[in-house]
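Contents: one structure, followed by commentary.
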Protein chains: 2
Amino acid sequence: MGQDLPVTSYALLGLLTFGDELTGYELKQRADATLRFYWVSPAMSQVYSELARLADRGLVLTRARRSNGDETTATTYRISAAGRRALETWMRESEPGFSVLKHPVALRLLLGHVVDPETTIAMLEAHVEALDAERAALARVREGLRGRDEPGQPFRHPSLVADWGLDYFDNERRIVTHLISRLREEGDA
Amino acid sequence: MGQDLPVTSYALLGLLTFGDELTGYELKQRADATLRFYWVSPAMSQVYSELARLADRGLVLTRARRSNGDETTATTYRISAAGRRALETWMRESEPGFSVLKHPVALRLLLGHVVDPETTIAMLEAHVEALDAERAALARVREGLRGRDEPGQPFRHPSLVADWGLDYFDNERRIVTHLISRLREEGDA
DNA sequence: ACAGCCATGTAACTCGTTACATGATTAC
DNA sequence: GTAATCATGTAACGAGTTACATGGCTGT
């Protein structure tokens, strides 16, 4: 039956459990706003192909929207009862597995002996700036959940995850800043 | 010339800059010990195909080891001068890009409204255990670098990255433990 | 009129995985 | 003798990307 799907499929399906009905385009935007921080935001083309597969298996239902005359320009998707069951079974019965981190900055620091110290320091400084920008983007998302983020409310769990993410960014910034000063001290010595 | 390679190729090439000569098998072990925490440890089969590609481009040099009679059972790889240049150019001239995190536990917490609170709490508790195990594995790696981890010594940078990783694990544990108590309080209310 | 966003998809391709296949050496 | 580890690869496949192609609608 519910032949196993990749995690990204379930992730997209999960984004449809917040009570609304979205176009592929809108789903991509939601993924960019949330999923991106903890998983990946699939390319536009993949969003469409995943939705097609989910529809194929009856896990989402489609509806034509905005029919002007004969032209149908948009299709919206909503999760089906079977989709909810499949998602719940997946959550309950499969192992999450451990996180996979692809951290190009850490990788390059590992190989720091290949370049001069200034290059490494500059890279870490740029990383701090990037972290600040990402943190700010997540903070805006978090703010958007205010008012519906209490226990029992619809965005309770998204808020918890966003708080986790913000804390992660704060800690990462602290570590990297500390690494920079360690490297600077070596340079002066 | 140095047609662009995927990051994983450069990562493997970088693991050969620590002054020794390894078989594919040994390189995989080194990747499991280090790369795994900040990047990915490629499958055995990919290690061999990446090495073949690197050799093809002259970035690594091969040598037959352990020839008993006529049989050659192992090939070792070392980085070439061209390989060092290519790696340095890559480090200096390409943008690292931002980290990609695939965090199945965060993803499932995001969708916590789909299952009952106990399921979510149990998942987070299992995650704490997994974190402890990973932290311990990294701590063993870090210990193995003691004595060669001072500024100017060969494992300086690997040590910095390992310290970063340990700090990350500590912080993650703290956050997740806190999330568990938040969820528990809600359950009691 | 033109830019930018909304909206949908196809095609080609690469990365990386699992499964499979083989065989030598070492430890108990 | 048999299990684990060392050692090397091939083949099939799937996930996910970029590039390409198309067109409507909205604001200036």
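Residue numbering restarts at 1 for every chain, and letters A, B, ... go by the order of the sequence lines.
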> Looking at five pairs on each end of the helix from dA1(C)-dT28(D) to dC28(C)-dG1(D), what is the angle between the two axes, given to 10 degrees?
Replying inline: 30°
> So which pairs with a foot in residues 39-58 of chain B pass ring pair (Phe, Tyr, Trp, His ring centres under 6.0 Å), sequence neighbours left out?
Replying inline: none
>> Strictly by salt bridge (charged side-chain N to carboxylate O under 4.0 Å, His left out), give each pair with a member in residues 40-52 of chain A just once, sequence neighbours left out.
In response: E50(A)-R53(A)
> Has the side chain of E88(A) got a donor or acceptor atom that lies under 3.5 Å from a matching backbone atom of R84(A)?
Replying inline: no
> When clusters are formed from ILVMFWY side-chain contacts under 4.5 Å, directly or step by step, what else is grouped with L101(B)?
Replying inline: L101(A)
> For residues 97-120 of chain B, which residue pairs qualify under salt bridge (charged side-chain N to carboxylate O under 4.0 Å, His left out), counting only residues two or more places apart or in two chains?
Replying inline: R92(A)-D116(B)
> Minimum heavy-atom separation for T23(B) to A74(B), with atom names?
Replying inline: CG2-CB, 4.2 Å
> In terms of side-chain geometry, is the basic nitrogen of E143(A) or R146(A) positioned less than 4.0 Å from the acidic oxygen of its partner?
Replying inline: yes
Return the polar atom pairs (N/O with N/O) between nucleotides 9-15 of chain C and the protein under 3.5 Å, or none.
unit_1, atom_1, unit_2, atom_2, d
dC15(C), OP2, R53(B), NH1, 3.4

>> Per the ring pair (Phe, Tyr, Trp, His ring centres under 6.0 Å) rule, what does the pair list look like for residues 112-138 of chain A, sequence neighbours excluded?
In response: H103(A)-H127(A), H113(A)-F18(B), H127(A)-F98(B)
>> Could you check whether any side-chain N or O of R156(B) sits under 3.5 Å from a backbone N or O of D149(B), counting only pairs where one atom can act as donor and the other as acceptor?
In response: yes
>> Among residues 18-42 of chain A, which ones have heavy-atom contacts with DNA chain D below 4.0 Å?
In response: S41(A), P42(A)
>> E21(B): which residues meet the salt bridge (Lys or Arg N to Asp or Glu O under 4.0 Å) condition with it, sequence neighbours left out?
In response: R63(B)
>> Which residues end up grouped with L61(B) if you chain together Ile, Leu, Val, Met, Phe, Trp and Tyr wherever their side-chain heavy atoms are less than 4.5 Å apart?
In response: none
>> For DNA chain C, which residues of residues 90-100 of chain B approach it to below 4.0 angstrom with any heavy atom?
In response: none
> Is there any salt bridge (charged side-chain N to carboxylate O under 4.0 Å, His left out) pair reaching into residues 22-43 of chain A, and which pairs are they, with sequence neighbours excluded?
Replying inline: D20(A)-R30(A), E26(A)-R65(A), K28(A)-D32(A), R36(A)-E134(A)
